[in-house]
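Values below: every heavy atom of this structure, side chains too, minus hydrogens, waters and symmetry copies. In what follows, chains carry the letters A, B, and so on, assigned in the order in which the sequence lines appear, proteins first and then strands, with residues in each chain numbered from 1.
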Protein chains: 2
Amino acid sequence: MSAVEVLASVDIVALRLAPDLQGLQVLLHRREREPHRGQWALPGVIVNGSTPDNSLDAAAERALREKAQALPRHMEQVGTEGNAFRDPRGWSLSTYYLALLDPAQSIEAEQLAFFDLDSLSTRKVLLPFDHGLLVQRTCERLAAKSLYSSLPLYLLPTRFTVLDALSAAQACLGRPVNNTSLRKRLERLREAGWVRDTGERNQPRLGRPQQLYEHLPQGVGPFLFERSLLPEA
Amino acid sequence: MSAVEVLASVDIVALRLAPDLQGLQVLLHRREREPHRGQWALPGVIVNGSTPDNSLDAAAERALREKAQALPRHMEQVGTEGNAFRDPRGWSLSTYYLALLDPAQSIEAEQLAFFDLDSLSTRKVLLPFDHGLLVQRTCERLAAKSLYSSLPLYLLPTRFTVLDALSAAQACLGRPVNNTSLRKRLERLREAGWVRDTGERNQPRLGRPQQLYEHLPQGVGPFLFERSLLPEA
DNA sequence: AAAATAGTGTCTATTAGACAATATGTC
DNA sequence: GACATATTGTCTAATAGACACTATTTT
């Protein structure tokens with residue numbers, strides 16, 4: 001790479017709810033090339049004059065589509081990290097995206113797997129480059145937005161229960177969420193046409209059946225509430 | 001430029017309060033090179049393997065320092081726009097930053113000037129590349145954050161009056177802000193140690209003198225409030 | 001005294017949070 | 001009926017917004 005070049009890539013932090021609904025998992029891909037060949041890293045693509053994509057967003061969609069064979073329920077750019085040290089090949093840039101997947105999202109490929117976010121934050125799994133930082137920043141963005149928006153719902157299938165929504169919010173925020181507050185938010189969403197009560201029920205093993213709601217996003221971004229779910233308190 | 005290259009730059013959307021406190025102005029630079037030579041555009045620098053900067057943030061600071069000869073009161077990355085069309089030279093990326101300047105910020109250079117944001121949004125002034133879009137996105141970010149944070153205070157000198165704070169908030173949001181609400185926020189900031197009553201006064205031409213407050217940022221980002229200003233009204 | 005501007009106090013509306021009360025299912 | 005879980009209702013706390021009222025200065 002000559003001095004006037006720069007290595008630009010798009011990396012995807014694709015998250016899904018763990019099967020037990022107790023936390024989040026990130027999609028990783030085993031690298032096929034150097035550097036860091038064989039290690040688990042964020043899926044991504046290089047962008048330059050010969051990419052088939054017309055835009056960064058398109059490159060991000062392709063990166064995820066080629067790996068996960070599925071569309072995310074939500075995708076947004078989080079930021080760009082660029083410096084002289086993050087890649088041994090030289091000055092490089094990574095524009096990274098948050099993608100929220102349906103929990104039913106399964107992965108066929110050998111070289112793809114979901115890892116618990118816990119195992120990354122506790123340093124049990126270490127990612128190459130600065131991918132650990134990108135994941136951390138992305139989770140911070142998710143948590144910050146979850147305080148005052150409906151973003152956690154994009155981690156659920158379109159049909160969900162109140163308990164699902166509570167689990168999703170708690171996974172995003174990393175702490176317990178008040179049941180009453182969450183129900184009131186769902187009621188607000190219902191009034192705004194963002195959520196519909198299907199009238200159907202889901203029977204848990206024991207106890208009263210749960211109402212099944214349907215998520216009907218009305219815009220490009222999530223619904224914004226006027227108050228934060230109080231972080232400290 | 002070969003097909004495997006990409007043109008990466010950092011562009012700065014540096015804003016200050018207009019002298020009459022009634023709106024915002026953006027710092028523009030008259031381009032010395034092609035393409036779009038001679039046109040007013042966002043100040044920026046190219047980043048690649050031969051840049052003297054070790055990081056994007058450092059490049060952003062340098063871009064502003066070399067033009068404005070001053071440090072901003074606040075700077076944050078807003079996003080990255082990248083596609084095959086925005087620059088006639090080929091696939092290009094621009095990571096753009098929001099910078100908030102002291103209103104006393106003056107400019108010596110011939111090739112630098114502040115332009116009213118109004119003249120851009122009304123299409124009286126047209127910027128080259130997609131710089132108009134970058135400015136718009138940046139202003140949207142500023143407005144969104146101003147709803148629930150102390151960000152507008154970074155458009156003021158450290159010593160300011162309630163009226164200054166109100167003007168700054170209104171300029172960021174593009175609409176009137178409730179006087180009582182703003183005063184209560186300042187009171188909250190005072191309790192949190194983010195603002196101090198200096199005890200000094202400022203005597204306007206007529207009427208009761210104004211208390212002079214001092215802005216004492218306590219962290220890297222702005223103070224976050226728990227509710228939004230002006231939900232929709 | 002009048003005018004102008006700054007600052008305070010009071011009341012309402014909205015919404016998060018705590019928690020009690022009630023509903024509806026399984027065993 | 002006992003138990004488990006879901007849902008509803010009631011009360012409190014925090015904070016934005018409307019607006020009346022008071023304070024301090026110049027002319």
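Considering CG of A:Leu42 and NE2 of A:His29, their distance stands at 11.0 Å, rounded to 0.5 Å. To the nearest 0.5 Å, the span separating CD1 on A:Ile12 from CE on A:Met75 amounts to 5.0 Å. Taking CD from A:Gln105 and CG from A:Leu71, the interatomic distance works out to 9.0 Å, rounded to the nearest 0.5 Å.
Among the protein residues, A:Arg183 comes within range of the nucleic acid bases, having at least one heavy atom under 4.0 Å from a base atom.
Exactly one residue among B:Asp11, B:Asp130, B:Asn83 makes a side-chain hydrogen bond (donor to acceptor under 3.5 Å, both in side chains) with B:Ser94. That residue is B:Asp11.
Closest to the A:Phe225 side chain, of the nucleotides C:dA16, C:dA6, C:dT15, is C:dA16.
In this structure, A:Arg16 forms a cation-pi arrangement with A:Phe114, its terminal cationic atom sitting closer than 6.0 Å to the ring centre and no more than 45° off the ring axis. Geometrically, A:Arg137 does not engage A:Tyr96 in a cation-pi contact defined by less than 6.0 Å to the ring centre and at most 45° from the axis.
Along DNA chain D, the nucleotide nearest A:Pro209 and the nucleotide nearest A:Arg227 are compared for position; the residue whose nucleotide lies closer to the 5' end is A:Pro209. Nearer to the 5' terminus of DNA chain C, by closest-nucleotide assignment, is the contact made by B:Gln211 (compared with the other of B:Gln211 and A:Leu206).
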For nucleotides 19-23 of chain C, which of its nitrogen or oxygen atoms have a protein nitrogen or oxygen under 3.5 Å away, and what is each distance?
{"from": "C:dC19", "atom 1": "N4", "to": "A:Thr180", "atom 2": "OG1", "distance (Å)": "2.6"}
{"from": "C:dA23", "atom 1": "O4'", "to": "A:Arg208", "atom 2": "NH1", "distance (Å)": "3.4"}
{"from": "C:dA23", "atom 1": "N3", "to": "A:Arg208", "atom 2": "NH1", "distance (Å)": "3.3"}

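Within residues 150-162 of chain B, no residue has any heavy atom closer than 4.0 Å to DNA chain D. Heavy-atom distances under 4.0 Å link DNA chain D to B:Gln203 of residues 195-204 of chain B, given in residue order.
Using a 4.5 Å cut-off on side-chain heavy atoms (C-beta onward), B:Val177 and B:Arg185 make no contact.
Using a 4.0 Å cut-off between charged nitrogen and carboxylate oxygen, A:Arg190 and A:Glu187 count as a salt-bridge pair.
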